[in-house]
Visitor: 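My questions will all concern the structure given below.
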Number of protein chains: 2
Amino acid sequence: MKIGELSRATGTNIETIRYYERIGLLPAPDRTAANYRSYSDAHRSRLSFVRHSRELGFTIEEIRSLLDLSDDPARDCAAADRIATAHLEQVEQKIEQLARLRDELTRIVGRCRGGIAADCRVIEALGDHRHCESPHV
Amino acid sequence: MKIGELSRATGTNIETIRYYERIGLLPAPDRTAANYRSYSDAHRSRLSFVRHSRELGFTIEEIRSLLDLSDDPARDCAAADRIATAHLEQVEQKIEQLARLRDELTRIVGRCRGGIAADCRVIEALGDHRHCESPHV
DNA sequence: TATGCACCCTGTAGCAACTACAGGGTCAAG
DNA sequence: CTTGACCCTGTAGTTGCTACAGGGTGCATA
Ligand SMILES: [Zn+2]
Ligand SMILES: [Zn+2]
Ligand SMILES: [Zn+2]
Ligand SMILES: [Zn+2]
């Protein structure tokens, strides 16, 4: 499989595939006589794993650890669980933070009654946290 | 006010203040005889505006537009309202996306029963989106 | 007077995770 | 024999900072 086919098969940008190789996330594939990369099915499924994990928000380093683990099928899977659980917790924290942000932004946006910038409550609220009702950080 | 005082007064890293000046978000202040930056109260409140807006998740470019607007107090404030509303919508979308992620991650994490990596349902789920119950993207 | 220390300066490079060229080579079809 | 689709390497850009390196300044103390 050439890089273009792998790109279409996994929905991954070609530049991204080369980037993953450069940072050691995907192993370097064989080359054809013309120096084209030639991928196997193992590459395809590894890349699918990476892309899917990225879509689920895991960082490259987390994915690296997860790949290490699945490369060594006899190891205890507790590490994978720990990574996934920690990531879930981070997502939950991020949601809470964004919800606070949303509430504060809703209050701020709702205060604009139109008119000139000098009188705008939105601009006023952005300039001074004392107008806020939550710490939002 | 020297840069260290401004830094303490606004809770902004000194490097960040210089960065804002470099990208034209803060006007270059006067200099002392020793070439030290010397800030006025106008600088201080402008920087507070920037930091507060950043805390609320606005991008630098959005803040630039908001500052342009507040620099011209006679202008109609509708543009500010539009920026803030658009930002609020983005925050809401991000929350929804993260909520989908959280649900999917919760399902995935819940499937691990311990054991070896070869049998791990978490690793399996990460490798193949067909195990997912939502599109989560 | 020297010297220590806190503070300031510029310029550059690093982070994450890509993305986008520039400037070239390869290969099959018409 | 040229056109077009593909592939290659290497480098630089994105966002919003942060962290030096390598210097200068200013004030208090011994
Ligand atoms: Zn308004
Ligand atoms: Zn606030
Ligand atoms: Zn498991
Ligand atoms: Zn999925």
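Below, read A as the first sequence line, B as the second, and so on, with proteins coming before strands; counting in each chain starts at 1.
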Visitor: Send over the distance from Leu26(B) CG to dC17(D) C1', rounded to a whole Å.
Guide: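 Value for this atom pair: 14 Å.
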Visitor: Roughly, in whole Å, what's the span from CZ in Phe58(A) to P in dC18(C)?
Guide: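 The answer, rounded to whole Å, is 14 Å.
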Visitor: Using whole Å, report how far CG of Asp30(A) lies from P of dC8(D).
Guide: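 Rounding to the nearest Å, CG of Asp30(A) and P of dC8(D) are 13 Å apart.
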Visitor: Taking only N and O in the side chain of Tyr20(A), is any of them less than 4.0 Å away from OP1 or OP2 of dC18(C)?
Guide: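 Checking dC18(C) against Tyr20(A), a side-chain N or O does come within under 4.0 Å of OP1 or OP2.
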Visitor: Which part of the nucleic acid does Arg18(A) contact within heavy-atom distance under 4.0 Å: base, sugar-phosphate only, or nothing?
Guide: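 The residue Arg18(A) makes base contact.
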Visitor: Choose from dC17(D), dC7(D), dT19(C) the nucleotide whose nearest atom is closest to any side-chain atom of Asn13(A).
Guide: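 Per side-chain heavy atoms of Asn13(A), the pick is dT19(C).
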Visitor: In whole Å, I'd like the distance from the CD1 atom of Ile23(B) to the P atom of dT18(D).
Guide: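 Ile23(B) atom CD1 is separated from dT18(D) atom P by 12 Å.
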Visitor: Using 30° and 60° as the class boundaries, would you call the ring planes of His129(B) and His52(A) parallel, tilted or perpendicular?
Guide: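 Correct class here is perpendicular.
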Visitor: Where the side chain of Arg22(B) is concerned, which of dG16(D), dT12(C), dG26(D) is the nearest nucleotide?
Guide: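 So the side chain of Arg22(B) is nearest to dT12(C).
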Visitor: How many Å lie between CD1 on Ile14(B) and P on dG11(C), as a whole number?
Guide: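 Rounded to whole Å, this separation is 18 Å.
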Visitor: Whether the side chain of Tyr36(B) and the base of dG26(D) hold a donor-acceptor pair under 3.5 Å is what I'd like checked.
Guide: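 Donor-acceptor pair under 3.5 Å: no.
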Visitor: Would you say that more than 12 heavy atoms from the other residues, nucleotides or ligands in this model lie under 6.0 Å from the CZ of Arg31(B), or not?
Guide: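 Above 12, so yes.
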Visitor: Rounded to the Å, how far apart are Glu61(A) CD and dC18(C) P?
Guide: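 The answer, rounded to whole Å, is 12 Å.
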Visitor: Under the side-chain contact (heavy atoms from CB on, under 4.5 Å) rule, what do Glu21(A) and Arg37(A) come out as? Steps first, then yes or no, please.
Guide: CA-CA 11 Å; Glu21(A) 179 181 331; Arg37(A) 287 174 179 82; 2.7 Å; yes
Visitor: Measure from CG on Leu47(B) to P on dC17(D) and round the result to the nearest Å.
Guide: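 For the pair Leu47(B) CG and dC17(D) P, the rounded distance is 11 Å.
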Visitor: In whole Å, what is the span from the OH atom of Tyr19(B) to the P atom of dT15(D)?
Guide: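 Value for this atom pair: 8 Å.
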Visitor: More than 12 non-hydrogen atoms from neighbouring residues, nucleotides or ligands closer than 6.0 Å to CZ on Arg121(B), yes or no?
Guide: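 No - once you tally the heavy atoms of other residues, nucleotides and ligands closer than 6.0 Å, there are 12 at most.
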Visitor: Select one nucleotide: of dC8(C), dT9(D), dG16(D), the one nearest the side-chain heavy atoms of Ile3(B).
Guide: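 Nearest listed nucleotide: dC8(C).
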Visitor: By nearest nucleotide on DNA chain D, pick out whichever of Tyr39(A) and Arg51(B) is the more 5' one.
Guide: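 Of the two residues, Tyr39(A) wins.
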Visitor: By the 4.0 Å heavy-atom rule, please label Thr59(B) as base, sugar-phosphate, or nothing.
Guide: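 If one applies the 4.0 Å heavy-atom cut-off, Thr59(B) turns out to touch the sugar-phosphate alone, with no base involved.
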Visitor: Between Arg37(A) and dC8(D), is there a side-chain N or O to OP1/OP2 distance below 4.0 Å?
Guide: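 For Arg37(A), the contact criterion (side-chain N or O under 4.0 Å from OP1 or OP2 of dC8(D)) is met.
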Visitor: Please check the phosphate of dC8(D) (OP1 and OP2 only) for any side-chain N or O of Asn35(A) closer than 4.0 Å.
Guide: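 For Asn35(A), the contact criterion (side-chain N or O under 4.0 Å from OP1 or OP2 of dC8(D)) is not met.
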Visitor: If you measure from the Lys or Arg side-chain nitrogens to the Asp or Glu carboxylate oxygens, is any gap between Glu104(B) and Arg107(B) under 4.0 Å?
Guide: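 Result for this pair is yes, salt bridge flagged.
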Visitor: Applying a 4.0 Å non-hydrogen cut-off, can you work out what Arg8(A) is touching in the nucleic acid: base, sugar-phosphate, or nothing?
Guide: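 Nothing, no heavy atom under 4.0 Å.
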Visitor: Run the salt-bridge test on Glu5(B) and Arg8(B) with the 4.0 Å N-O cut-off and return the result as yes or no.
Guide: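 Not counted as a salt bridge, because no side-chain N and carboxylate O are separated by less than 4.0 Å.
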Visitor: Using the side-chain heavy atoms of Lys2(B), tell me which of these nucleotides is nearest: dC17(D), dT10(C), dC8(C).
Guide: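 Nearest to the side chain of Lys2(B) among the choices is dC8(C).
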Visitor: When you match Glu15(A) and Ala34(A) each to their closest nucleotide on DNA chain C, which lands nearer the 5' end?
Guide: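 Result: Glu15(A).
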